[in-house]
Amino acid sequence: MGRVIMVASGKGGTGKTMFSLNFAEMLANEGYKTALIDMNTGLRSLDLAAGVENRSIFDVCDIIKEVSTIDDTIIRPAYNENLGIIPGCQDIDSDKVIRKGIHSLVDLLISKHGYDFVVIDSPPGIGGAIEDIAEASNDIIIVLTPESSSLRDADAMEDYIIRRFAISRYYVLNNVMYDLLDKNLELTPKIIDSRMKSKMLGIVQTDINIRMSMNMGIPVVLKRNSYIANNFKKMINRYINYIKIKDKNKI
Ligand SMILES: Nc1ncnc2c1ncn2[C@@H]1O[C@H](COP(=O)(O)OP(=O)(O)O)[C@@H](O)[C@H]1O
Ligand SMILES: [Mg+2]
């Protein structure tokens, strides 16, 4: 039985695309058949970060509009055959298309194509297509940074999700700079955790290698023994443990 994970944020630019790509690549590397969909309507970027922009012919809107099939559209990057990437719509006005087609798309990916996980790189904020993405998802991972504005928006996002959707909530704190923490110039993970109502999956530091890898179109976790790859692996293990506990409780 597959699971749909929505990667979201209140504020824009917190690292959703970076996190979605590396988390999905790592899930696939751990043996789970994983689909990664860019649902940023019109403002897509996942194809560039994943280094597959030259191979993207069709996109998620084409599948929903039945211009292309899932098989025609999904790209298997050379670095991981277990990962399937569906590029985002090119039309800036594609919100309606996403809203109409997301449910059947994720159903097909799981029931017909046998995906274990579908990771959705979502647009920031609330409302619009976010509602349908949340309805179609089992879990939400909120990506936030240790800034007051990011925390406030993540807080609002959490409240919106709690009020409206029955999905499990996790969060990842991205872009942490320990030298600022040492000088008391940044919100501490402890303060952030006391404000957030979701479970923390992990912390990602600000790292020039992450920034460079996004520009180069290579997931940073491909450097398998790096501290960053190990960190992502830990977050995967934590996430898998949480969902196993949930499944057990259901029985
Ligand atoms: N931990 C990090 N260290 C360094 N740069 C980062 C980190 N996380 C994200 N970035 C950079 O920040 C920018 C925004 O990240 P991105 O994943 O595109 O955010 P979003 O998808 O939420 O808009 C990108 O230039 C990315 O390379
Ligand atoms: Mg993005």
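Just so you know, ligand 1 is whichever comes first in the structure, and atom 1 is the first atom listed for that ligand.
- Within the 6.0 Å centre-distance limit, the rings of Y170 and Y239 are counted as a close aromatic pair.
- The shortest separation from a heavy atom of S9 to ligand 1 is not under 4.0 Å, leaving the residue out of contact.
- There is a protein heavy atom closer than 4.0 angstrom to atom 4 (C) of ligand 1.
- Residue G13 has at least one nitrogen or oxygen atom sitting less than 3.5 Å from a nitrogen or oxygen atom of ligand 1, judged on distance alone.
- The pair E131-R164 meets the salt-bridge criterion, with a side-chain N (NZ, NE, NH1 or NH2) lying under 4.0 Å from an Asp/Glu carboxylate O.
- A donor-acceptor pair under 3.5 Å is formed between the side chain of S194 and the backbone N or O of I191.
- By the definition of a contact as any protein heavy atom under 4.0 Å away, atom 16 (P) of ligand 1 is in contact.
- Cation-pi geometry between K33 and F117 is not met at under 6.0 angstrom from the ring centre and within 45 degrees of the axis.
- Protein contacts to the Mg ion (ligand 2) involving N, O or S atoms at a distance below 2.8 Å are T17 OG1.
- Using a distance-only test at 3.5 Å, with no hydrogens or angles considered, no donor-acceptor pair links the side chain of D139 to the main chain of I5.
- When hydrogens are left out, the protein atom nearest atom 11 (C) of ligand 1 is R211 CD, 4.2 Å; that is the closest non-hydrogen contact.
- Of the possible polar contacts, none joining the D121 side chain to the I37 backbone as a donor-acceptor pair under 3.5 Å is found.
- A side-chain donor-acceptor contact under 3.5 Å links N82 to the backbone of A28.
- Residue contacts with ligand 1, taken as heavy atom pairs separated by less than 4.0 Å, involve M18 via backbone and side-chain atoms alike.
- Heavy atoms of T17 found under 4.0 angstrom from ligand 1 belong to the backbone as well as the side chain.
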I130/Y160 under side chain to side chain contact (heavy atoms under 4.5 Å, CB included): CA gap, chis, key distance, verdict: CA-CA 11 Å; I130 286 288; Y160 164 76; 4.0 Å; yes
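- Aromatic ring centres of Y115 and Y32: separated by at least 6.0 Å.
- Contacts of N174 with ligand 1, taken as heavy-atom pairs under 4.0 Å, involve the side chain alone.
- Of all protein heavy atoms, the one lying nearest to atom 20 (P) of ligand 1 is K16 N, 3.5 Å.
- Using modelled atom types, no side-chain atom of S94 and backbone atom of V97 make a donor-acceptor pair closer than 3.5 Å.
- Here the side chain of D132 pairs no donor or acceptor atom with the backbone of H103 at under 3.5 angstrom.
- Shown here, atom 7 (C) of ligand 1 is in close reach of the protein: a heavy atom of it lies under 4.0 Å off.
- Backbone and side-chain nitrogen or oxygen atoms of G15 are examined, and one is located within less than 3.5 angstrom of a nitrogen or oxygen of ligand 1.
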